[in-house]
Amino acid sequence: MTVINIEKNGNVGLIKIDYPPVNAAGFKVRSGLMQAVSELDQDRDIAAIALYAAGRTFVAGADIREFGKPSQPPVLPDVINTIENLEKPVIACIHGTALGGGLEIALGCHYRVIIESGKVGLPEVTLGILPGAGGTQRTPRLIGIEAALEMIVYGSPVSSKRALELGLVDKVSREQDPRQVALEFAKEIIASGAKVRRTCDIADKLVKNPENISAISQYRDKLVGSSKHLFSPHKCVEAIEACLELPFEQGLKKERALFLECMESPQRQGLIHAFFAQRKAAKIPESSIAHPRDIENVCVIGGGTMGAGITASLLFGGLTVTMIERDQDCADRGKANVNRILKGAVERGKLDQANYAEILAHRFSTAADYHPASSADLAIEAVFENLELKQKVFAALDKEMPPGAIMATNTSYLDINQIAAATDRPADVIGLHFFSPAHIMKLLEIVVPDTTSPDVTATAFALAKRLGKVAVRAGICDGFIGNRIMAAYRKAADYMVEDGASPYQVDTVLREFGFAMGPYQTADLAGLDIGWANRKRLAPSRPPEERYVNIADQICELGWLGRKTGRGYYRYEEDPKGLPDPEIEQLISDARSAKGIHARRFDNDEIVSRYLAAMINEASKVVEEGIALRPLDVDITLLFGYGFPRWRGGPMKFADMQGVDSILKQIEQYRLEDGYFWKPADLLIELSAHQSSFEQLNNSD
Ligand code: 3HC
Ligand code: NAI
């Protein structure tokens with residue numbers, strides 16, 4: 001297959017980029033483009049050159065797989081500069097998405113047309129870098145400093161309509177065929193006598209006036225609040241500022257230097273790991289052997305916190321949902337819960353009034369019996385976390401649902417094998433573990449019992465995609481991937497608190513590390529009764545050698561269940577964000593005294609080390625037992641469901657970057673005080689012995 005194809009059509013030289021899946025500007029594209037433009041430039045019969053791409057998209061950016069490897073010339077900035085400096089008009093026809101280096105190629109062309117459904121963007125910041133092929137210098141020249149800051153610092157793509165309004169493109173086409181659109185636009189340009197129009201020559205938007213200076217400083221200020229941990233957004237602002245200070249050539253040099261700084265940063269490694277891990281998590285053994293079943297009609301059993309969120313998520317995904325509750329009052333309450341979410345979406349502009357009306361009129365209903373299940377393709381159960389109750393619900397569903405229908409549970413911890421056993425068709429039973437709030441949280445753990453048929457698993461992954469969720473395949477154990485690991489790092493935090501740290505110190509330090517919230521804020525938000533019920537459930541099987549901290553139980557016994565009761569680890573009456581509570585500090589101090597523990601000081605680094613070591617150790621056990629398919633599945637679970645900072649790539653990536661060996665050494669040290677909790681995972685020992693890494697395991701399939 002030829003990556004770059006030349007076609008001469010009259011006096012138009014067409015260049016087709018054909019490098020599946022997304023026409024990334026890898027070595028073959030760059031070198032091929034360089035050759036093609038120079039060939040057409042020298043061809044006297046050619047009056048204009050038109051670039052377009054084959055397949056589903058224009059160039060989706062630089063080839064990210066090449067990052068971190070020695071660069072092979074020609075580098076993208078040189079290719080783009082060459083295009084811009086040609087003496088014949090060059091046009092770009094964008095379809096699908098022109099992202100990053102893809103948009104930068106288009107910006108180096110002299111004219112741009114976009115197919116209506118297309119989008120453009122500079123998402124480099126989401127990968128820990130900045131546009132490094134002229135994007136930070138050409139974009140402000142075309143659309144001004146403030147609009148360029150918005151696009152580059154946040155990285156969100158814009159629609160074809162917005163691209164036209166901004167002045168990023170010259171024309172939006174309703175035609176669908178990129179070749180045809182490219183050809184026609186090139187002919188138009190020739191016919192109009194339009195000349196070469198270089199973006200680098202535009203200067204009128206780059207005046208060093210108060211508006212532009214203030215836009216730069218406003219973005220700097222915004223970033224201090226919202227992205228203080230992140231490296232590359234600050235570098236984006238610096239690169240854009242260079243447009244006001246330096247001529248184009250020098251601006252490009254500055255951009256290159258900042259780009260290379262970002263490329264060297266550990267955040268770039270973390271974010272790119274997250275990018276590929278997210279895509280790889282969708283690759284499961286079942287995809288190659290099974291076909292997803294069709295899902296249109298869904299029953300959700302239970303209309304509480306999770307049932308309502310799941311229902312909303314399904315409705316947003318275009319499915320038809322009947323919510324089944326235990327009686328009419330509960331059904332009405334469930335309906336009100338869903339309606340609240342839908343109305344919120346309308347208020348936030350996420351759902352338009354017509355769609356809202358359509359959902360209520362045609363796609364959402366409630367019931368207080370199981371009859372609607374007889375025509376459903378899928379049921380998702382979200383009743384109270386109680387095995388017998390769930391088994392009853394599944395037995396009822398089994399009676400009612402048609403052959404081929406799928407029965408799923410949203411249980412957080414319970415053994416889904418036992419739930420499946422309550423039916424006569426365990427092959428159709430699976431876990432769909434949504435996270436709260438289910439219509440917002442991206443993670444969906446797809447928990448696969450031993451008996452589940454592969455096409456049921458494949459269906460669950462297809463459904464996740466339709467709902468815009470990030471799905472991770474998990475096996476059966478208490479808490480599956482995420483909650484099991486959380487139980488371990490939460491214990492490590494509780495041990496530190498009982499030994500002398502304050503919950504407020506722990507939360508602050510972990511936020512500083514980059515977590516969205518600390519463990520005690522998270523517990524208050526979820527409701528302390530959730531953990532309490534779980535500890536009670538596990539009490540009979542708790543081994544005597546396990547250290548048990550009863551501080552959380554004591555808080556629950558006071559009726560302080562977190563935000564919803566106004567008190568938990570924090571007090572919420574005066575400040576909805578929560579204030580530290582001296583009574584909690586006293587309760588903790590008394591709990592220490594009752595056990596004869598003398599509080600010791602924890603420095604911040606030790607808190608992070610213990611918390612992360614507990615997380616990585618349990619995660620290693622989860623991988624070694626096959627509960628997670630690969631280390632990257634753990635990373636995705638923690639990134640999308642538990643607030644782990646994306647720029648650190650996830651706990652396993654973090655362990656690799658620290659060195660597995662050094663994590664193991666820490667664990668061995670902590671093991672001296674508690675041999676039960678800090679028993680190192682065999683996998684960690686093995687990786688350390690072979691000087692291997694989790695990344696090698698990710699790539700071993
Ligand atoms: N480089 C290499 N591979 C890429 C890629 C890229 N820029 N973009 C996507 N891919 C790969 C994916 O890894 C995936 O591979 P797989 O099939 O082996 O898993 C395949 O292409 C398809 O990707 P998606 O599953 O994401 O396909 P979608 O259709 O859902 O989405 C997309 C397409 C919107 C283009 C999405 O892939 C995307 O957002 N890609 C990244 C875009 C990006 O960040 N571009 C900037 C790159 S950095 C840059 O350009 C630097 C420059 O300034 C110098
Ligand atoms: P909830 O208490 O808010 O809602 C449960 C709902 O189930 C109630 O509305 C109740 O009326 C209904 N219900 C009870 N018995 C029923 C029956 N026989 N038939 C129909 N409906 C019945 O509980 P929540 O928080 O929504 O949890 C539901 C499930 O989701 C649990 O298994 C929980 O472990 C799990 N989960 C909860 C998360 C959370 O953060 N709340 C997160 C992920 C999973």
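Atoms considered below: every heavy atom in the structure, side chains included; atoms not considered: hydrogens, waters and symmetry mates. Just so you know, ligand 1 is whichever comes first in the structure, and atom 1 is the first atom listed for that ligand.
The contact set between ligand 2 and Ser412, taken as ligand atoms under 4.0 Å from a residue heavy atom, comprises 33 (C), 34 (O), 35 (C), 36 (N), 37 (C), 43 (C), 44 (C). Atoms of ligand 2 lying under 4.0 Å from any heavy atom of Gly304, numbered from 1 in the order shown and given with element: 3 (O), 4 (O), 6 (C), 9 (O), 26 (O). Close contacts between ligand 2 and Leu389 involve ligand atoms 15 (N), 18 (N) [criterion: under 4.0 Å to a heavy atom]. Per-residue contacts place Lys390 under 4.0 angstrom from the following atoms of ligand 2 (heavy atoms of the residue considered): 31 (C), 32 (O).
Within the 4.0 Å heavy-atom cutoff, Leu127 counts among the residues contacting ligand 1. In this structure, Lys280 does not count as a contact residue of ligand 1, since none of its heavy atoms falls inside 4.0 Å of the ligand. The shortest separation from a heavy atom of Phe384 to ligand 2 is under 4.0 Å, placing the residue in contact. Judged by the shortest distance from any of its heavy atoms, Gly135 lies outside the 4.0 Å radius around the atoms of ligand 1. Taking a 4.0 Å cut-off on heavy atoms, Ala382 registers as neighbouring ligand 2.
Side chains of Tyr642 and Asn483: a donor-acceptor N/O pair is present below 3.5 angstrom, by distance only. Side-chain contact check for Glu385 and Thr411: at least one donor-acceptor pair (N or O, by modelled atom type) lies under 3.5 Å.
Among the atoms of Val22, none of the N or O lies under 3.5 angstrom from an N or O of ligand 1. Note: no N/O pair closer than 3.5 Å links Phe67 and ligand 1 by distance alone. Of the N or O atoms in His433, none lie within a sub-3.5 Å distance of an N or O in ligand 2. Taking distance alone, with nitrogen or oxygen atoms compared against 3.5 Å, Arg326 approaches ligand 2 more closely than that limit. When only interatomic distances are considered, the shortest N/O to N/O separation between Gly61 and ligand 1 does not fall below 3.5 Å. The shortest N or O to N or O distance between Thr97 and ligand 1 is not under 3.5 Å. Below 3.5 Å of separation, one finds an N or O of Met306 facing an N or O of ligand 2.
Between Ala281 and Val472 the shortest heavy-atom distance is CB-CG2, 4.5 Å. Ile94 approaches Lys119 most closely through the heavy-atom pair CG2-O, 4.4 Å. Ile152 and Pro131 get closest at one heavy-atom pair: CG2-CD, 3.7 Å.
Side-chain N or O atoms of Arg112 include none that pairs as donor or acceptor with a backbone N or O of Ala92 at under 3.5 Å. Checked by atom type and distance alone, the side chain of Gln269 never pairs as donor or acceptor with a backbone atom of Pro266 at under 3.5 Å. Between the side chain of Asp63 and the backbone N or O of Ala25 there is no donor-acceptor pair closer than 3.5 Å.
Atom 4 (C) of ligand 1 lies below 4.0 Å from at least one non-hydrogen atom of the protein. Within 4.0 Å of atom 30 (O) of ligand 1, not a single protein heavy atom is present. Within the 4.0 angstrom cut-off, atom 34 (O) of ligand 2 has one or more protein heavy-atom neighbours. Distance remark: protein heavy atom present below 4.0 angstrom from atom 1 (N) of ligand 1.
At a 4.0 Å heavy-atom cut-off, ligand 1 touches Ala62 through backbone and side chain alike. Contacts with ligand 1 closer than 4.0 Å are made by heavy atoms of both the backbone and the side chain of Asp63. Of the heavy atoms in Pro21, only side-chain atoms (C-beta onward) come closer than 4.0 Å to ligand 1.
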Worksheet entry | CA sep, side-chain torsions, deciding dist, call: Glu66, Phe27, side-chain contact (heavy atoms from CB on, under 4.5 Å) | CA-CA 9 Å; Glu66 291 180 355; Phe27 169 69; 3.8 Å; yes
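Judged by the 6.0 Å distance and 45° axis criteria, Arg484 is not positioned over the aromatic ring of Phe480.
Nearest to atom 25 (O) of ligand 2 by heavy-atom distance, out of Thr305, Val300, Ile530, is Thr305. Remark: among candidates Leu525, Asn410, Val383, the nearest residue to atom 31 (C) of ligand 2 is Val383, based on non-hydrogen atoms.
In summary, of the residues considered (Glu255, Glu104, Glu84), a salt bridge (charged side-chain N to carboxylate O under 4.0 Å, His left out) with Arg138 occurs for Glu84 alone.
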Quick one: side chains of residues 430-442, donor-acceptor pairs under 3.5 Å with protein atoms, not counting sequence neighbours, listed by atom name and distance.
residue : atom : partner : partner atom : Å
His433  : ND1  : Glu445  : OE1          : 2.9
Lys442  : NZ   : Gly468  : O            : 3.1

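Between Phe515 and Phe644, the ring center distance clears the sub-6.0 Å criterion.
Comment: Arg630 engages Asp633 in a salt bridge, judged by a side-chain N to carboxylate O separation of less than 4.0 angstrom.
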